Amino acid sequence: MNSTAMSPRETHSRIRPVVTILLAGALLAVALFIAGSAGGYRINLTPSEPLGLWRIIPLYRPVAVNDLVFICPPTTAEMQEARARGYLRSGSCPGGVAPLIKTVIAVAGQHVEIGASVSVERRVVSSSSLAQRDGKGRPLSPFPSGVVPPGYVFLHSAFRGSYDSRYFGPVPISGILGLAQEVFTYVP
């Protein structure tokens with residue numbers, strides 16, 4: 001009589017390598033996460049900037065126009081709405097959101113005009129046209145025009161569907177974690 005059932009010893013010997021590989025993979029993932037967080041590395045999974053591995057470079061000077069920065073968004077009503085709509089990913093910033101990667105297009109004292117697109121000091125910002133609705137058809141309201149207040153910056157991303165200062169306004173420079181540097185990225 002041929003039996004196809006395995007003995008407990010055979011079952012254990014076949015399962016052991018699989019469990020070992022899964023455990024090693026889980027430990028490697030945890031180690032990479034801890035090392036990445038401690039070393040200032042972040043993975044970007046949103047299309048507003050290239051996808052992949054980025055590094056936060058400490059900023060030892062005042063933030064300037066054209067700086068690409070990692071920034072924790074403030075816990076404002078606009079950001080709470082953005083989180084509820086799914087624009088912001090979960091992360092380690094206040095409010096439980098992930099840092100944003102955006103370009104500074106205006107600093108304190110500069111005038112930002114928001115119409116069909118954005119202008120800073122009367123110069124149109126490329127790729128800054130405003131959307132009336134998000135990807136799910138929900139209305140978007142532009143932030144009113146004005147002067148960027150002291151201690152704040154105005155952020156932008158050229159990605160068509162980006163949720164940036166066009167909609168939530170200037171953000172405090174105190175949320176800036178540092179400059180954003182691409183390490184291993186790709187544009188989908």
Side-chain angles (χ1 to χ4, degrees), residues 33 36-37 40-51 54 56-59 62-180 188:
F33 176 78
S37 295
Y41 289 91
R42 298 285 188 270
I43 294 176
N44 179 41
L45 299 174
T46 63
S48 60
E49 292 296 337
L51 304 177
W54 289 74
I56 300 173
I57 304 296
L59 187 60
V63 67
V65 171
N66 294 323
D67 281 346
L68 184 63
V69 297
F70 271 100
I71 186 166
C72 283
T75 52
T76 61
E78 292 86 2
M79 291 302 173
Q80 290 171 351
E81 175 70 16
R83 177 98 193 255
R85 287 184 172 202
Y87 302 161
L88 305 175
R89 301 214 185 257
S90 295
S92 59
C93 290
V97 299
L100 306 174
I101 304 173
K102 303 289 182 197
T103 299
V104 175
I105 62 168
V107 294
Q110 291 188 297
H111 185 267
V112 177
E113 182 70 33
I114 301 176
S117 61
V118 177
S119 296
V120 176
E121 299 296 332
R122 300 185 189 267
R123 284 178 290 203
V124 176
V125 176
S126 66
S127 303
S128 68
S129 61
L130 271 73
Q132 299 298 314
R133 300 194 173 280
D134 68 10
K136 293 186 178 179
R138 298 171 291 199
L140 289 170
S141 300
F143 190 81
S145 302
V147 174
V148 178
Y152 284 73
V153 291
F154 199 89
L155 305 173
H156 175 66
S157 170
F159 174 67
R160 183 170 166 78
S162 177
Y163 187 70
D164 53 37
S165 288
R166 291 176 281 186
Y167 308 103
F168 56 72
V171 293
I173 59 172
S174 60
I176 293 176
L177 302 173
L179 297 172

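Please read all numbers here as calculations on a predicted model, not as lab measurements.
- Here CD of Q132 is found 9.0 Å from OG of S141. Values are rounded to the nearest 0.5 Å.
- T76 contributes a side-chain N or O that, together with a main-chain N or O of M79, makes up a donor-acceptor pair within less than 3.5 Å.
- To the nearest 0.5 Å, the span separating CG on L155 from CD1 on I105 amounts to 8.0 Å.
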V153 and V171: CA distance, side-chain angles, deciding distance, side chain to side chain contact (heavy atoms under 4.5 Å, CB included) verdict: CA-CA 6 Å; V153 291; V171 293; 4.0 Å; yes
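- Without hydrogens or angle criteria, S128 side chain to V118 main chain gives a donor-acceptor distance under 3.5 Å.
- Distance alone, capped at 3.5 Å, is enough to place a donor-acceptor pair between the R83 side chain and the G95 backbone.
- The two residues P150 and A108 come nearest to each other via the heavy atoms CA-CB, 3.7 Å.
- Counted by atom type alone, S165 and K102 present zero donor-acceptor pairs between their side chains at under 3.5 Å.
- Of the possible polar contacts, none joining the S129 side chain to the S117 backbone as a donor-acceptor pair under 3.5 Å is found.
- Y163 contributes no side-chain N or O that, together with a main-chain N or O of L88, makes up a donor-acceptor pair within less than 3.5 Å.
- Separating the CZ atom in R85 from the CD atom in Q80 is a distance of 14.0 Å, to the nearest 0.5 Å.
- Looking at I114 and F143, their side chains come closer than 4.5 Å, going by heavy atoms from C-beta outward.
- Contact of the V65 side chain with the Q110 side chain is registered, since non-hydrogen atoms from C-beta on lie closer than 4.5 Å.
- Here the CG atom belonging to L100 is positioned 13.5 Å from the OH atom belonging to Y87, to the nearest 0.5 angstrom.
- Rounded to the nearest 0.5 angstrom, L177 CG and I57 CD1 are separated by 12.5 Å.
- Across all non-hydrogen atoms, the minimal contact from L130 to P142 is CD2-CB, 3.1 Å.
- When atom types are taken as modelled, the side chain of D134 and the backbone of L140 share no donor-acceptor pair closer than 3.5 angstrom.
- Every residue was checked against the side-chain hydrogen bond (donor to acceptor under 3.5 Å, both in side chains) condition with E49, not counting sequence neighbours, and none meets it.
- For R166 (side chain) and H156 (main-chain N/O), no donor-acceptor pair under 3.5 Å exists by modelled atom type.
- Atom CD1 of I173 is separated from atom CG of L59 by 9.5 Å, given to the nearest 0.5 angstrom.
- The side-chain heavy atoms of P73 and V97, taken from C-beta on, include a pair separated by under 4.5 Å.
- The side-chain contact (heavy atoms from CB on, under 4.5 Å) test with F154 singles out one residue from V148, V107, V120, V104, and that residue is V148.
- The environment of CG in L68 is crowded: more than 12 heavy-atom neighbours from other residues, nucleotides or ligands sit within 6.0 Å.
- The local environment of CZ in R138 is crowded, with over 12 non-hydrogen atoms from other residues, nucleotides or ligands closer than 6.0 Å.
- The shortest non-hydrogen separation linking A180 to I101 is CB-CG2, 3.8 Å.
- Taking a 6.0 Å sphere around OH of Y167, one finds it holds more than 12 heavy atoms contributed by other residues, nucleotides or ligands.
- Residues in residues 87-130 take part in these disulfide bond (SG atoms under 2.5 Å apart) pairs, two or more places apart or across chains: C72-C93.
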